[in-house]
Amino acid sequence: MAVKTIQHPRLGEIKIKTYAQSRAVKFKIDPSGVLLATAPIGVSEKMILKIIDHNEQKIAKLLNQYPPSFEVKDGEEIGKSHTLIIRESKNLSVESKDLKIILNLPAEIDPKSQKVYAAIKPQIIKALRKEAKAYLPKRISKLADDFGFRFDSLRFNHASTRWGSCKLFDINLNIALMKLPFELIDYVLIHELAHTKHPNHSSDFWAEVQRCIPDYKVRDKNLKKYSPHI
């Protein structure tokens, strides 16, 4: 058995395992929430990636059914202005007060458990959406003005597989952007703005990105260290 980990530009981390007894390329989610592709020995990585791209929408739906690797920490920053506070309690509950997300956690419940993830996720989404709506419209408008782009609409989502998308002049942004350093937020915004001129990832597209962000390759590499999952 051989194991290799790759980074897909939209689906994130993917583990590829090849088995002598495997008869076809199959996909599942491992316990940590990472996509696992199993394949027969001899199937090339290029072919596996081609199959992944062909089934991307189905795989994205599969990923959305599972939480990412998750661990809560007292004092953890949520986005740019919210803080997670953990209090010992008899009952599991989550509340929001000012800029604090308060997790009331019984001692017998594992903070890494699915139960905790399910309880806290709605409040994290609420906090990130609030921050995204306050910051991102102003920032992308400034970048568009500075570099000569235009867009017609801006929408927010919390899809777990990509940071943003653009169709014609309509841009969608993942509220998970607020988890990123500001320089990486700018990189994603410029990336989507560049798509208003070049809908694919052609050499002209990347030249447009480089015009705005000369060190975009460094930022793109750093972006891969983060996940758009919430």
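On a predicted model such as this, the values are computed, not experimentally measured, just so you know. Side-chain atoms are counted along with the backbone in the values below, which use heavy atoms only and exclude waters and symmetry mates.
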Go through the steps for Ile41 and Tyr19 under the test side chain to side chain contact (heavy atoms under 4.5 Å, CB included), then give the verdict. CA-CA 6 Å; Ile41 291 176; Tyr19 296 88; 5.8 Å; no
What's the verdict on side chain to side chain contact (heavy atoms under 4.5 Å, CB included) for Thr18 and Thr38, showing C-alpha distance, side-chain angles and the deciding distance? CA-CA 6 Å; Thr18 54; Thr38 59; over 6 Å; no
Given the rule in the side chain to side chain contact (heavy atoms under 4.5 Å, CB included) test, do Leu193 and Ile171 qualify, once you have shown the distances and angles that lead to the verdict? CA-CA 8 Å; Leu193 286 170; Ile171 293 175; 3.9 Å; yes
Can you check side chain to side chain donor-acceptor pair (under 3.5 Å) on Asp204 and Ser202, steps first, answer last? CA-CA 5 Å; Asp204 288 339; Ser202 63; 4.9 Å; no
With side chain to side chain contact (heavy atoms under 4.5 Å, CB included) as the test, would you mind laying out the steps for Leu36 and Lys17 before giving the verdict? CA-CA 7 Å; Leu36 173 63; Lys17 292 185 178 181; 3.7 Å; yes
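A single hydrophobic cluster is not seen to contain both Tyr226 and Val218; linkage of ILVMFWY side chains at heavy-atom distances under 4.5 Å, directly or through other members, places them apart. Taken together through direct or relayed side-chain contacts under 4.5 Å among Ile, Leu, Val, Met, Phe, Trp and Tyr, Ile85 and Tyr117 form parts of separate hydrophobic clusters. Both Val94 and Ile109 belong to a common hydrophobic cluster when Ile, Leu, Val, Met, Phe, Trp and Tyr are linked at side-chain heavy-atom distances under 4.5 angstrom. Under the 4.5 Å side-chain heavy-atom criterion for Ile, Leu, Val, Met, Phe, Trp and Tyr, Met47 and Ile16 are members of the same hydrophobic cluster. The cluster map of Ile, Leu, Val, Met, Phe, Trp and Tyr, joined by side-chain heavy atoms under 4.5 Å apart, puts Ile125 and Leu173 in the same cluster.
The two residues Ala194 and Val209 have their closest heavy-atom pair at CB-CG2, 3.8 Å. In plain terms, the two heavy atoms of Leu128 and Gly79 that are nearest each other are CD2-CA, 3.6 Å. Taking every heavy atom of both residues into account, Phe147 and Arg211 meet most closely at O-NH2, 2.8 Å. Scanning both residues, Ala144 and Phe151, for their nearest heavy atoms gives CB-CE2, 4.2 Å. Contact detail for Pro137 and Leu154: the closest heavy-atom pair is CA-CD2, 3.7 Å. Residue Leu105 comes nearest to Pro111 through the heavy atom pair CD2-CB, 4.0 Å, listed as atom of the first residue, atom of the second, then distance.
Here the straight-line distance linking atom CZ of Phe182 with atom CG of Leu189 works out to 11.5 Å at 0.5 Å rounding. Atom CD in Glu192 sits 8.0 Å away from atom CD1 in Ile140 (nearest 0.5 Å). If you take CH2 on Trp163 and CD1 on Ile175, they are separated by 11.0 Å, rounding to the nearest 0.5 Å. Atom CD1 of Ile86 is separated from atom CG of Asn104 by 10.5 Å, given to the nearest 0.5 angstrom. Taking NZ of Lys167 as the start and OG of Ser165 as the end, the distance is 10.0 Å to the nearest 0.5 Å. The CG atom of Asn222 sits 7.5 Å away from atom CD of Glu183, with the distance rounded to the nearest 0.5 Å.
Residue Glu95 places its CD atom among more than 12 non-hydrogen atoms of other residues, nucleotides or ligands, all under 6.0 Å distant. Few gaps surround NZ on Lys80; more than 12 heavy atoms of other groups in view lie less than 6.0 Å from it.
Salt bridge Lys4/Glu45: present, at least one basic N to carboxylate O contact under 4.0 Å. Between Arg139 and Asp186 a salt bridge is recorded (basic side-chain N to carboxylate O distance below 4.0 Å). Contact check on Glu56 versus Arg162 returns a salt bridge, with a Lys/Arg side-chain nitrogen under 4.0 Å from an Asp/Glu carboxylate oxygen. In summary, Lys197 and Glu208 engage in a salt bridge, as defined by a charged side-chain N under 4.0 Å from a carboxylate O.
Inter-residue side-chain proximity for Leu184 and Leu177 is flagged as unmet; no heavy-atom pair is nearer than 4.5 Å. In this structure, the side chains of Thr196 and Arg150 stay at 4.5 Å or more apart for every pair of heavy atoms. Looking at heavy atoms from C-beta onward, Tyr187 lies in side-chain contact with Asp220 at the 4.5 angstrom threshold. Contact of the Leu103 side chain with the Arg87 side chain is not registered, since no non-hydrogen atoms from C-beta on lie closer than 4.5 Å. A heavy-atom distance below 4.5 Å is found between the side chains of Ser81 and Glu131. Contact annotation: the side chain of His191 approaches that of His201 to within less than 4.5 Å [non-hydrogen atoms, C-beta and beyond]. Counting heavy atoms from C-beta outward, Val116 and Val72 have side chains that approach closer than 4.5 Å. Between Leu143 and Cys212, every side-chain heavy-atom pair lies at or beyond the 4.5 Å cut-off.
Between the Gln210 side chain and the Asp215 main chain, no donor and acceptor come within less than 3.5 Å of each other. A donor-acceptor pair under 3.5 Å links the side-chain atoms of Asn174 to the main chain of Ala176, judged by distance alone. Lys179 places a side-chain N or O within 3.5 Å of a backbone atom of Ser227 that can act as its donor or acceptor partner.
Side-chain contact annotation: His82 with Glu77, donor-acceptor N/O pair under 3.5 Å absent. For the residue pair Ser89 and Asn91, no side-chain donor N or O sits within less than 3.5 Å of a side-chain acceptor on the partner.
Taking the six-membered ring for Trp and the full ring otherwise, the centers of Tyr216 and Trp206 sit less than 6.0 Å from each other. Ring centroid separation for the pair Phe169 and Phe149 does not come in under the 6.0 Å cut-off.
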